[in-house]
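A quick write-up on the structure given underneath.
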Amino acid sequence: MMDFNASKSLSGQITALIDAGLQQSRAAQPRRTYLGASRLGVACERALQYEFADAPVDPGRETDGRMLRVFERGHLIEDCMVGWLRAAGFELRTRDDAGEQFGFSALDGRLQGHVDGVVVGGPEGFTYPALWE
């Protein structure tokens with residue numbers, strides 16, 4: 001059996017290919033025409049303006065493959081967390097009647113976002129409803 005961890009070179013090559021694939025997939029996604037709600041905490045107003053105006057990113061400053069892998073893991077762990085919270089007795093809503101994440105829009109659509117869920121009930125000692133993010 002081949003040990004993919006035995007060679008840093010082999011492991012590095014595979015990781016580089018995965019990262020390149022993730023970057024290609026991201027580049028193929030349509031550009032947002034709005035600011036995401038998570039961007040509201042950014043301290044640099046100029047960065048937000050450039051992002052909103054869809055100014056090109058400086059070469060070499062794109063989101064790297066390692067960070068894209070972190071984002072992907074975050075999306076995957078959300079499903080685990082939903083199961084864990086429900087097993088702990090929390091009543092959680094994560095999708096609307098159409099099966100979509102709960103979302104919101106403000107400023108004529110120039111600001112948009114989605115929430116991971118809303119905790120509507122559960123064990124005593126907590127206040128409901130509560131945003132789960």
Check: residues 113-129 side-chain donor-acceptor pairs under 3.5 Å, at least two apart:
| residue | atom | partner | partner atom | Å |
| --- | --- | --- | --- | --- |
| Y128 | OH | P123 | O | 2.7 |

Which atom of Q23 lies closest to which atom of G65, heavy atoms considered: NE2-N, 3.6 Å
Can you give each donor-acceptor pair under 3.5 Å made by side-chain atoms of residues 38-46, sequence neighbours left out, with the distance rounded to 0.1 Å?
| residue | atom | partner | partner atom | Å |
| --- | --- | --- | --- | --- |
| R39 | NE | E51 | OE1 | 2.8 |
| R39 | NE | E51 | OE2 | 3.2 |
| R39 | NH2 | E51 | OE1 | 2.8 |

Which pairs would a plain distance check flag for residues 71-92, meaning a side-chain donor or acceptor within less than 3.5 Å of a matching protein atom at least two apart in sequence or in another chain?
| residue | atom | partner | partner atom | Å |
| --- | --- | --- | --- | --- |
| R86 | NH2 | L92 | O | 2.8 |
| E91 | OE2 | R93 | NH1 | 3.2 |
| E91 | OE2 | R93 | NH2 | 2.7 |

Please set out all donor-acceptor pairs under 3.5 angstrom arising from side-chain atoms of residues 24-37, sequence neighbours excluded.
| residue | atom | partner | partner atom | Å |
| --- | --- | --- | --- | --- |
| S25 | OG | G21 | O | 3.1 |
| R31 | NE | D54 | OD1 | 3.1 |
| R31 | NH2 | D54 | OD1 | 2.9 |
| R32 | NE | Y34 | OH | 3.4 |

- prompt: Who passes side-chain contact (heavy atoms from CB on, under 4.5 Å) against I18, sequence neighbours left out?
  reply: I14, L22, R69
message: Is there a side-chain contact between R110 and F52 in this structure, where contact means two heavy atoms from C-beta onward sitting under 4.5 Å apart?
response: yes
I'd like a table of donor-acceptor pairs (distance under 3.5 Å, sequence neighbours excluded) in which one partner is a side-chain atom from residues 94-102, with atom names and distances.
| residue | atom | partner | partner atom | Å |
| --- | --- | --- | --- | --- |
| D96 | OD1 | A98 | N | 2.9 |
| D96 | OD1 | G99 | N | 3.1 |
| D96 | OD1 | E100 | N | 2.9 |

